[in-house]
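Written out below as structure tokens is the structure these notes cover.
What you are looking at is a predicted structure, and each value in this text was computed from that prediction instead of being measured.
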Amino acid sequence: PKHFSVSGGMGAALLSNPDAACDIVRTLKQNLQIPVTAKIRLLATVEETVTLMQRLEAAGVDAITVHCRYIAQRPREPAHWDKLRLLV
């Protein structure tokens, strides 16, 4: 995650504030006539990640992309593709 995004409460910072993430999704769905999507990273456990995905779905998100890395991981580090099948 980019420092400016996280320090501004955007991007991966929203993973630690799921209420705000869901509020954003609801607001976008109420005000836009196009699909609303979310991109998330893996949380500490599969269960936490699934719970976040379910909350986003309940808020109205049309699609979720899972970046199969944990918050602190950089793109040069391998993704955890094995976790993806546990999330779908």
Side-chain angles (χ1 to χ4, degrees):
K2 297 291 184 186
H3 173 72
F4 76 90
S5 294
V6 175
S7 64
M10 302 174 278
L14 287 169
L15 295 174
S16 62
N17 191 351
D19 290 337
C22 291
D23 286 344
I24 290 168
V25 168
R26 276 190 287 277
T27 299
L28 291 171
K29 288 297 290 183
Q30 290 170 0
N31 292 286
L32 297 174
Q33 302 302 314
I34 59 173
V36 174
T37 64
K39 177 183 168 191
I40 65 169
R41 285 178 173 251
L42 296 170
L43 299 180
T45 67
V46 168
E47 293 78 17
E48 288 178 60
T49 307
V50 168
T51 297
L52 174 61
M53 294 171 71
Q54 290 170 337
R55 290 189 64 189
L56 291 167
E57 182 181 21
V61 78
D62 294 294
I64 300 171
T65 298
V66 181
H67 184 121
C68 289
R69 289 185 178 86
Y70 294 98
I71 295 170
Q73 288 186 292
R74 303 303 303 154
R76 67 183 171 278
E77 298 177 61
H80 300 275
W81 296 112
D82 58 311
K83 304 290 187 200
L84 185 60
R85 66 180 165 81
L86 303 172
L87 303 174
V88 295

Side-chain donor-acceptor pairs under 3.5 Å in residues 28-38, sequence neighbours left out?
residue : atom : partner : partner atom : Å
Lys29   : NZ   : Asp62   : OD1          : 3.2
Lys29   : NZ   : Asp62   : OD2          : 2.9
Asn31   : ND2  : Thr27   : O            : 2.7

Considering the options Thr49, Leu52, Leu42, which one meets the side-chain contact (heavy atoms from CB on, under 4.5 Å) requirement together with Leu15? Leu52
Could you state the interatomic distance from [atom1] ([X]) to [atom2] ([Y]), rounded to the nearest 0.5 Å?
X	Y	atom1	atom2	answer
Leu14	Lys39	CG	NZ	13.5 Å
Arg41	Arg69	CZ	CZ	7.0 Å
Gln54	Thr51	CD	OG1	5.5 Å

Show the atom names and distances, to 0.1 Å, of all donor-acceptor pairs under 3.5 Å that link a side chain in residues 79-88 to residues at least two apart or in another chain.
residue : atom : partner : partner atom : Å
His80   : NE2  : Gln73   : OE1          : 3.2
His80   : NE2  : Gln73   : NE2          : 3.2

Are any non-hydrogen side-chain atoms of Met53 and Leu56 less than 4.5 angstrom apart? no
Quick one: salt bridge (charged side-chain N to carboxylate O under 4.0 Å, His left out) pairs with a partner in residues 44-57, sequence neighbours left out? Asp19-Arg55
Cys22 to Ala59 - nearest heavy-atom pair and separation: O-CB, 3.7 Å
